[in-house]
Amino acid sequence: MKLATWNVNSLKVRLPHLLQWLAENPVDVLCLQETKLTDDKFPLAEINAAGYNVVFTGQKTYNGVAILSRHPIEDVVKNNPRFADEQQRIIGATIEGMRIICAYVPNGQMVDSDKYVYKMSWLTSLREWLCEELRTHEQLAILGDYNIAPEDRDVHDPVAWAGQIHCSDGERAALASLVELGLCDSFRLFEQPEKSYSWWDYRQLAFRRNRGLRIDHILLSPKLAKRCVACVIDRNPRTWEQPSDHTPVVATIE
DNA sequence: ATGGCTAGTACAACTAGA
């Protein structure tokens, strides 16, 4: 089983990339973030034609998440039941006995801003909900754009980013508290190339200079982590014309 | 140098992303 996550930064613009990537990488499950589409505009027929079932929850202009699957999708949940949220940032479902949660964690904008406060309370509530979900689902994966670089090695310039948004102690502690639930960062189960990132700014040739952050993650429950044999970042779509600023992350479960 | 791109909304510049 291959599980993947990709922040597409507008599914309307990136649908051709999505279809091309799926044709080259026929993963079992793909979680999308930042679809930026209301549900009536979701490209259901195109995704079905590519061989995928899909569930989604979106809104105008911002946010929006979806789960694509080659297998049947059951027990769908939209948003965190413990957190009343106008913003469509979470969708979960059970696929082949695995609980799959697709999450688009708030950006936070600036440390101590209103958006940062929202990000932190969103993460606190996420932890509480995941704690419950883990009691009933031993095989659980939470995939998405966390908007948090876990460690300095996940940041191209740790000095410049020290204490900044995505790298602050509060955000890193919030991510660590998810890990304390028993979830593990599948990427770090394996030896990885140095300077591995999943996002690069559109500006100043950041991708060409590999000035990026690793903020897209696949966290696995202990049972799934034991079965995980690989986790890779696929930089290839970031080289395509008119790319998303994020690139896919793929975990392989045996 | 707090900018630099990109996408959405809507048709002129804004907000937002990270």
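Proteins come first, then strands; the chains are lettered A, B, ... in the order of their sequence lines, and each starts at number 1.
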Using distance only, find each side-chain donor-acceptor pair of residues 41-53 of chain A under 3.5 Å and give its atom names and separation, not counting sequence neighbours.
{"residue": "Tyr52(A)", "atom": "OH", "partner": "Val27(A)", "partner atom": "N", "Å": "3.3"}
{"residue": "Tyr52(A)", "atom": "OH", "partner": "Val27(A)", "partner atom": "O", "Å": "2.6"}
{"residue": "Tyr52(A)", "atom": "OH", "partner": "Arg70(A)", "partner atom": "NE", "Å": "3.3"}
{"residue": "Asn53(A)", "atom": "ND2", "partner": "His71(A)", "partner atom": "O", "Å": "3.1"}

Fill in: Same-atom distance (P) from dT15(B) to dG4(B), integer angstrom
14 Å
Worksheet item: Please give, in whole Å, the distance from dC5(B) P to Arg208(A) CZ?
Response: 13 Å
Worksheet item: What is the distance, rounded to the nearest whole Å, between atom CG of Leu205(A) and atom P of dT6(B)?
Response: 10 Å
Discussion item. Side-chain N or O of Arg14(A) versus OP1/OP2 of dT6(B): is the shortest distance under 4.0 Å?
Written reply: no
Practice prompt. With C1' as the reference atom in both, quote the distance from dA12(B) to dA1(B) in angstrom, rounded to an integer.
Written response: 26 Å
Practice prompt. Specify the separation, in whole Å, of atom CH2 of Trp200(A) and atom C1' of dT6(B).
Written response: 16 Å
Discussion item. Test: salt bridge (Lys or Arg N to Asp or Glu O under 4.0 Å). Region: residues 108-121 of chain A. Which pairs qualify, not counting sequence neighbours?
Written reply: Lys119(A)-Glu171(A)
Worksheet entry | Span that lies between the C1' atom of dA18(B) and that of dT2(B), in whole angstrom | 14 Å
Worksheet item: Aromatic rings Phe83(A) and Tyr118(A): how do their planes relate, parallel, tilted or perpendicular, breaks at 30° and 60°?
Response: tilted
Worksheet item: Charged N to carboxylate O below 4.0 Å: is that the case for Arg214(A) and Asp185(A)?
Response: yes
Discussion item. Strictly below 4.0 Å: does Thr61(A) bring a side-chain N or O up to OP1 or OP2 of dA7(B)?
Written reply: no
Discussion item. Taking only side-chain N and O atoms of Gln242(A), does any of them lie within less than 4.0 angstrom of OP1 or OP2 on dC5(B)?
Written reply: no
Worksheet entry | Which residues share a side-chain hydrogen bond (donor to acceptor under 3.5 Å, both in side chains) with Gln164(A), sequence neighbours left out | none
Practice prompt. Could you check how far CE of Met110(A) sits from P of dG3(B), rounded to whole Å?
Written response: 12 Å
Worksheet item: Which residues, ordered by chain and number, are linked to Ile215(A) in its hydrophobic cluster, where ILVMFWY side chains connect at heavy-atom gaps below 4.5 Å, directly or through other members?
Response: Val155(A), Trp161(A), Trp199(A), Leu213(A)
Practice prompt. For Leu37(A) and dA7(B), give me the distance from atom CG to atom P, rounded to whole Å.
Written response: 13 Å
Worksheet item: With the sugar-phosphate defined as primed atoms, P, OP1 and OP2, and the base as all remaining atoms, what B/S/- string results for nucleotides 12-18 of chain B, 5' to 3', for protein heavy atoms under 4.0 Å?
Response: ----SBB
Discussion item. Taking dC11(B) as the reference, what is the distance to dG17(B) when you measure between their P atoms (whole Å, please)?
Written reply: 22 Å
Item to complete: Can you run down the ring-ring contact (aromatic ring centres under 6.0 Å, His included) pairs that involve residues 218-238 of chain A, sequence neighbours left out, and say none if there aren't any?
Response: none
Fill in: Whole angstrom value for the distance that separates P of dC5(B) from CZ of Arg238(A)
13 Å
